[in-house]
Amino acid sequence: MSSGFDLTGKRAFVTGANTGIGQGIAVALAGAGATVACAGRSAMSETLEMITAAGGSGGSEHLADLSDKTAAVALYEAAARQDGPFDILVNNAGIIRRADAVDFSEADWDDVLDLNLKTAFFLSQAFGKAAMADDRHAAIVNIASVLSVQGGIRVASYTASKHGICGLTRLLACEWAARNVNVNAIAPGYIVSNNTEALRDDPDRSAAILGRIPAGRWGEASDIGGAAVFLASDAARYVHGAILPVDGGWLAR
Ligand code: NAP
């Protein structure tokens, strides 16, 4: 009997797959049987090697600066022509800028919103349109944050973008659930990656964060993969508009 979590024969497009959470998700999807198109602005060689090492069925590299939504959609459409239509979209690429709200610059607002929210929406639009035109089952997994439901400090545009991605997840789920497209999000807690380097380098912030995590450790990128496999799989076919925390219990506190 095949597992509801098996992704054999599925094609996934994962943004920001060269490192961190995107890399962890790409490897997990490949390990579950998907062929993974790794998209971003940096070489994907390490991720493609990890996919092979995990016994995955292969992957491909697609490079562009995804902060420009037109370039991002063009990259997605070229990848779909090359690799075949995608069944899974993971909107993972994201940036963070830190400054006190009173000093926050327009550039730090626009740069974060453009990538974290605008590109994610227009990639979802291209993906959803193609899937619904073919009447294919498809799944979108957005990468939200605990700052989708909390305020945080010194990260105004990031918090706005992550609240926004939750709203979009719910809106797209409402519009597309009956069209065979699952739209859900994962809300990672504090994960070791480039995104959190500044926090981990600050002994006071680092200790305060660690002390509040019920699991007693920071998360690893690989901790996020299982949730992505689930939300991309047939096992989650009746899951729509969910925001799944993978946070060591942070939001339960
Ligand atoms: P990361 O290691 O900094 O990864 C960010 C990814 O986005 C990288 O692949 C990066 O590529 C890519 N990216 C950034 N700007 C890009 C651009 N203009 N064009 C194309 N790709 C671009 O951080 P991460 O923690 O894995 O972050 C992944 C996602 O998880 C983000 O959406 C983040 O907000 C979210 N998240 C992270 C945490 C955490 O604790 N780490 C918690 C909650 C949510 P480069 O390597 O080339 O820069």
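Basis for what follows: all heavy atoms, side chains included, without hydrogens, waters or symmetry-related copies. Whatever order the structure lists them in is the order used to number ligands and atoms, beginning at 1.
- Taking atom 40 (O) of ligand 1 as the reference point, the nearest protein heavy-atom neighbour is I191 N, 2.8 Å.
- Under the 6.0 Å cut-off for aromatic ring centres, F127 and F13 do not qualify, their centroids lying 6.0 Å or more apart.
- No side-chain heavy atom of R41 sits under 4.5 Å from any side-chain heavy atom of L66.
- Annotation: atom 19 (N) of ligand 1 to nearest protein heavy atom, L66 N, 2.9 Å.
- Within the 4.0 Å heavy-atom criterion, neither part of Q23 lies near ligand 1.
- Put simply, the side chain of I51 does not reach to within 4.5 Å of the side chain of Q23, judged on heavy atoms.
- Between W109 and F104, the ring-plane angle classifies as perpendicular under the 30° and 60° cut-offs.
- Of all protein heavy atoms, the one lying nearest to atom 47 (O) of ligand 1 is S42 OG, 2.4 Å.
- Counting heavy atoms from C-beta outward, H137 and K10 have side chains that approach closer than 4.5 Å.
- At least one heavy atom of Y158 sits less than 4.0 Å from an atom of ligand 1.
- The N194 neighbourhood of ligand 1 comprises atoms 2 (O), 3 (O), with distances under 4.0 Å to a heavy atom of that residue.
- For T196, every heavy-atom contact with ligand 1 shorter than 4.0 Å involves the side chain, none the backbone.
- Contact atoms of ligand 1 toward L115: 14 (C), 15 (N), 16 (C) (distance under 4.0 Å to a heavy atom of the residue).
- In plain terms, the two heavy atoms of T169 and A242 that are nearest each other are CG2-O, 4.2 Å.
- The distance between the ring centers of Y76 and F86 falls below 6.0 angstrom.
- The aromatic rings of Y190 and W218 lie perpendicular to each other, with more than 60° between the two planes, well past the 30° mark.
- Looking at N92, I143, N195, I95, it is N92 that brings a heavy atom closest to atom 31 (C) of ligand 1.
- Note: S157 OG to D110 CG = 9.0 Å, rounded to the nearest 0.5 Å.
- Taking every heavy atom of A144 and a limit of under 4.0 angstrom, the matching atoms of ligand 1 come to 43 (C), 44 (C).
- Listed by number with element, the atoms of ligand 1 under 4.0 Å from a non-hydrogen atom of G16 are 9 (O).
- Annotation: atom 48 (O) of ligand 1 to nearest protein heavy atom, R41 NH2, 2.7 Å.
- Here the heavy atom of the protein found nearest to atom 46 (O) of ligand 1 is N18 ND2, 2.9 Å.
- In this structure, the separation between CD1 on I25 and OG on S222 is 11.0 Å, given to the nearest 0.5 Å.
- I140 contributes atom CD1, which lies 9.5 Å from atom CG of N182 (distance to the nearest 0.5 angstrom).
- From the protein, the heavy atom lying nearest to atom 4 (O) of ligand 1 is T19 CG2, 4.0 Å.
- At under 3.5 Å, a nitrogen or oxygen of D65, whether backbone or side chain, sits near a nitrogen or oxygen of ligand 1.
- Nearest protein heavy-atom neighbour of atom 43 (C) of ligand 1: P188 O, 3.4 Å.
- Judged by distance alone, with hydrogens and angles left aside, the side-chain atoms of N116 form no donor-acceptor pair with the main-chain N or O of S161 at under 3.5 Å.
- The heavy atom nearest to atom 42 (C) of ligand 1, out of those in G189, S148, A221, S145, is found in G189.
- Taking each of G219, G94, G20 in turn, the one with a heavy atom nearest to atom 5 (C) of ligand 1 proves to be G94.
- Every atom of ligand 1 is numbered from 1 in the order shown, and the set under 4.0 Å from a heavy atom of Y190 is 40 (O).
- With respect to atom 24 (P) of ligand 1, the closest heavy atom belonging to the protein is S193 OG, 3.3 Å.
- The ligand atoms of ligand 1 that sit less than 4.0 angstrom from a heavy atom of I21 are 25 (O), 26 (O), 30 (O), 36 (N), 37 (C), 38 (C).
- Taken to the nearest 0.5 Å, the CD1 atom of I191 stands 10.5 Å off from the CZ atom of R200.
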